[in-house]
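Below: one structure, written as C-alpha cells.
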Amino acid sequence: MPKIFNVTGACRPDRHYMVDLGSRLKIIRSMVDDGEYFSINRARQYGKTTILRALTQYLKDHYLVVSLDFQRLSSSDFIDENAFVKALVREIKRRIFLLKDIPASVRKMLDDLSGSPDNDLRLAQAFDCFSEWCGQSEKPIVLIIDEVDTASNNQVFIDFLAQLRAAYLDSDVTPAFQSVILAGVYDIRNIRRKIRPDGDHKQNSPWNIAAKFRVDMSFEANEIAGMLKDYEADYHTGMNVSEIAGLIYDYTSGYPYLVSSLCKYVDEEIAGTESFPDKKSAWSRAGFLEAVNKLLSEKNTLFESLIGKLNDYPELKDMIYQLLFQGQPIAYNADDPATDMLLMFGFIKAEQGTVQIANRIFETRLYNYFLTLPEVQNGDMYRLALRNKNQFIKNGQLDMEQILAKFVQHFNDIYGDRKERFVEEDGRRFFMLYLKPIINGTGNYYVESRTRNQERTDLIVDWHGTQYIIELKIWRGNAYNERGEKQLSDYLDHYHLKKGYMLSFNFNKDKKTGIKQITIGDKVLVEAVV
C-alpha cells in the first residue's frame, strides 16, 4: 500500500509520510532516563499521539512502557475510586496481556483488582500493586497516559495525581514508575476543575512535581523538506523540495496538522485537475497556493475552535482585531486567562513580549472571518467592489492599478468627509474589505507580519500563482513617503518582483488624491492617495 499524507489520527512510518521525530525522541528519552514526571501539552492535532506512539517503540528496549488512552474510559469510570480503579486496571491489562515478562504475582494482583466483587476499592490498593510491579520488573516501568483532558474535571482524577505525586516523592524508599508522561491539550499542572454542585471552579492540581517539557513539536522547514524528499523518492515529480518546504513553513509555521493538510491537498486534490494535470505541475508554487485556498475554505474542527475561542472571549477578539487591522501591538500578559487559553490552543504565540497570530493560515482565516461578518458585507465598500468585480480582472490577471484607482474614488465618495481618526483606524480594513469580493474563491491575501505596525502594513495578494505587494501606510510627509518608496522597492527584491503598489491615507487638508506611477531604479511603483 502506498504511503499517504495523514491528517486523521496518529501517523505511522509504514503508512504515512512523516517528519523525522528522532531528535525529539532523543530529548524525551533523556527526560525519562532522568526519572522525570512531565506533561506534554499542545494544541489539538499537533502530533501528541503520534510522538507518544513513536516514543513507546523508541523506549521498549530499555523500559517496560505502559501506554494508556483515557479516551477509552467513560464518564461512569470517574464516578468514584472503585469505578476508576477497576477501569484503570482493566486498561493496563488490555495493554500488557501479551507481554511475557510480567511477574505472576503482579498479574494476580491486577486480576484481583479488576475482577473484585467489592465496591470499595481504593487508589491505594492500585498503587500497592504498581509498587510491587516496579520492584519486581526487570526493566524500569514508564507510564504514558494520553488524552488526560478527559479526566481533568473529576475529583477521582485529582486524587490519582496526588497518588502519583506521593509515589514520586517516596521513590527513594518505595519502588515507583521510572517516569510518568501525561499528554493533552490542557496543562494539568493548573487544571480547572468543576466538582462542586454550585458550579464553583477551582484552579488546583497536585501535579506540581512535573518537569517543564520544552520540546518544540512544530516542524522546521528542513524537517518538512526531509518528508518531501521521501515523497519525491516515490513519485519523482521534479519539485523544488527546498522551495516547497519553505512555502509550507512560511504559511504554517510548522503546525503539524496544517503542514500535512497542505501536502495532502496538493497530492490528492490539486494533482489531476484541469489546471494541474499531474503531480509535477501540482507540486509548484501555483499548485501550493491553490492548496492554501482549499484549506482556507474548508470547514474543520481546528478552525471552528479558533473562531469559537474568539467568541468565548470578546476582549481577546477586540485585541486581535486591533492587531490585524490597526497594527497595534498586544503586550503578552502571562496572567491573562484569555491569552493563556489561546496560547494553549496554539492559535497565538508570544514573541519578544508581544502576542502574534500563530501562523499565516490562522491569520488569513481570521481576516476572512472579520471581513465576512454580515454587518461588514452589507457595507457600501463591499457592495461597490462586488458590483465592479469584472472590470478588475483582465486576461485572467488582477488589474491592481485599476483596483486602487476605483478604491480611491469610492473611498473618497463615501468617507471623504469623515474625521481623521475614523480613516486612520479603519482605512486599511476598508481596502482589505474592498479586495475581498474581488479575489474571493480564487486568491487570498495576507499581511507580512514583519512590517505590520501603526504606520505601515505590507499586504501580499496571491492570485493564480502571481503575487502583488501593496504597502498600506499613513502619510507622514514627503520625506517619510520617499523612505517608504525605497523600502517597498527593497521589499520587491525579496519577492523577485518589478512592480509594486502603495496606498497612502493622507490627512492634509490640501492633499491631492489620485493615482500615479513612479520609477525607482528598475522598479515601477504605483502610488494611490486617499
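One N or O on the side chain of Lys48 and one on the backbone of Ala43 form a donor-acceptor pair closer than 3.5 Å. Using modelled atom types, no side-chain atom of Thr364 and backbone atom of Ile361 make a donor-acceptor pair closer than 3.5 Å. Between the side chain of Tyr468 and the backbone N or O of Leu398 there is at least one donor-acceptor pair closer than 3.5 Å. Put simply, the side chain of Thr56 gets close to the backbone of Leu52: a donor and an acceptor are under 3.5 Å apart. Of the possible donor and acceptor atoms, one in the side chain of Glu223 sits under 3.5 Å from a partner among the backbone N and O of Glu220. Asn6 places a side-chain N or O within donor-acceptor distance of the main-chain N or O of Gly9, the cut-off being under 3.5 Å. In this structure a side-chain-to-backbone donor-acceptor pair under 3.5 Å is present from Arg24 to Asp216. When atom types are taken as modelled, the side chain of Tyr445 and the backbone of Met432 share a donor-acceptor pair closer than 3.5 angstrom.
Other residues, nucleotides and ligands contribute only 12 or fewer heavy atoms inside 6.0 Å of the CD atom of Gln352. Counted within 6.0 Å of CZ on Arg29, heavy atoms from surrounding residues, nucleotides or ligands total more than 12; the atom is thus considered enclosed.
Test Tyr46, Phe347, Tyr249 against Tyr255 for ring-ring contact (aromatic ring centres under 6.0 Å, His included) and you get one pass: Tyr46. Evaluated for a side-chain contact (heavy atoms from CB on, under 4.5 Å) with Lys499, the options Leu492, Val526, Leu525 yield exactly one hit, Val526.
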Let's go through Ile470 and Met502 carefully: what are the C-alpha distance in whole Å and the side-chain angles of both, what is the deciding distance for side-chain contact (heavy atoms from CB on, under 4.5 Å) to 0.1 Å, and is it a yes or a no?
CA-CA 5 Å; Ile470 308 106; Met502 180 181 291; over 6 Å; no
Go through the steps for Gln163 and Asp159 under the test side-chain hydrogen bond (donor to acceptor under 3.5 Å, both in side chains), then give the verdict.
CA-CA 6 Å; Gln163 292 280 353; Asp159 296 338; over 6 Å; no
Does the pair Lys349 and Asn359 meet the rule for a side-chain hydrogen bond (donor to acceptor under 3.5 Å, both in side chains), with working shown?
CA-CA 9 Å; Lys349 57 187 176 181; Asn359 56 67; over 6 Å; no
Between Lys523 and Asp493, is a salt bridge (Lys or Arg N to Asp or Glu O under 4.0 Å) present by the stated rule, with each step listed?
CA-CA 9 Å; Lys523 311 291 193 310; Asp493 286 332; 2.6 Å; yes
For side-chain contact (heavy atoms from CB on, under 4.5 Å), just list the numbers for Tyr257 and Thr252, CA-CA rounded to whole Å, side-chain angles, deciding distance to a tenth of an Å, and then say yes or no.
CA-CA 9 Å; Tyr257 172 79; Thr252 66; over 6 Å; no
Evaluate the criterion side-chain hydrogen bond (donor to acceptor under 3.5 Å, both in side chains) for residue pair Arg165 and Tyr37; output intermediate values, then yes/no.
CA-CA 9 Å; Arg165 179 179 183 273; Tyr37 286 30; over 6 Å; no
Does the pair Tyr332 and Leu343 meet the rule for a side-chain contact (heavy atoms from CB on, under 4.5 Å), with working shown?
CA-CA 10 Å; Tyr332 170 64; Leu343 275 171; 3.2 Å; yes
Trace of the side-chain contact (heavy atoms from CB on, under 4.5 Å) decision for Leu503 with Phe407:
CA-CA 10 Å; Leu503 175 60; Phe407 175 78; 3.7 Å; yes
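Between Phe70 and Asp146, every side-chain heavy-atom pair lies at or beyond the 4.5 Å cut-off. The closest side-chain heavy-atom distance from Thr150 to Glu147 is below 4.5 Å. Between Met31 and Phe38, the closest side-chain pair of non-hydrogen atoms falls below 4.5 Å. Using a 4.5 Å heavy-atom threshold, the side chains of Asn41 and Val185 count as separate. Using a 4.5 Å heavy-atom cutoff, the side chains of Tyr501 and Ile469 are not in contact. Side-chain atoms of Gln178 and Leu143, non-hydrogen and from C-beta on, never get closer than 4.5 Å to each other. Tyr168 is not listed as a side-chain neighbour of Phe177, based on a closest heavy-atom distance of 4.5 Å or more. Using a 4.5 Å heavy-atom threshold, the side chains of Thr442 and Asn293 count as separate.
Closest approach of Ser171 to Ala176, counting heavy atoms only: CB-CB, 4.0 Å. Closest heavy-atom contact between Gly184 and Asp149: CA-OD1, 2.9 Å. When all heavy atoms of Phe288 and Leu247 are compared, the closest pair comes out as CZ-O, 3.6 Å. The shortest heavy-atom contact between Cys263 and Ile248 is SG-CD1, 3.7 Å. Closest approach of Tyr265 and Ala291 over heavy atoms only: CB-CB, 3.8 Å. Contact detail for Phe213 and Met217: the closest heavy-atom pair is CE2-SD, 4.0 Å.
Interatomic distance, CD1 of Ile224 versus CG of Asp20, reported as 13.5 Å (0.5 Å rounding). To the nearest 0.5 angstrom, Leu258 atom CG is 11.0 Å from Arg365 atom CZ. Atoms OG1 and CD1, from Thr339 and Ile348 in turn, are 5.5 Å apart once rounded to the nearest 0.5 Å. In this structure, OG in Ser489 is found 11.0 Å from CD in Glu471, a value given to the nearest 0.5 Å. The distance from the CD atom of Gln467 to the NE2 atom of His496 is 10.0 Å, given to the nearest 0.5 Å. With values rounded to the nearest 0.5 angstrom, Met227 atom CE is found 5.5 Å from Phe5 atom CZ.
In this pair, His410 and Tyr434 present their aromatic rings tilted. The plane angle is within the 30 to 60° band. The aromatic rings of Trp283 and Tyr231 lie tilted to each other, with the angle between the two planes from 30° to 60°.
By the salt bridge (charged side-chain N to carboxylate O under 4.0 Å, His left out) test, Asp312 is found to be paired with no residue, residues two or more places apart in sequence or in another chain being considered. For Lys26, the salt bridge (charged side-chain N to carboxylate O under 4.0 Å, His left out) criterion is met by no residue, not counting sequence neighbours. Applying the ring-ring contact (aromatic ring centres under 6.0 Å, His included) criterion to Tyr446, with sequence neighbours excluded, gives Tyr251.
Between Asp69 and Arg72 there is no salt bridge, since no side-chain N of the basic residue sits under 4.0 Å from a carboxylate O of the acidic one.
When only modelled atom types and interatomic distance are considered, Tyr369 and Lys317 share a side-chain donor-acceptor pair under 3.5 Å.
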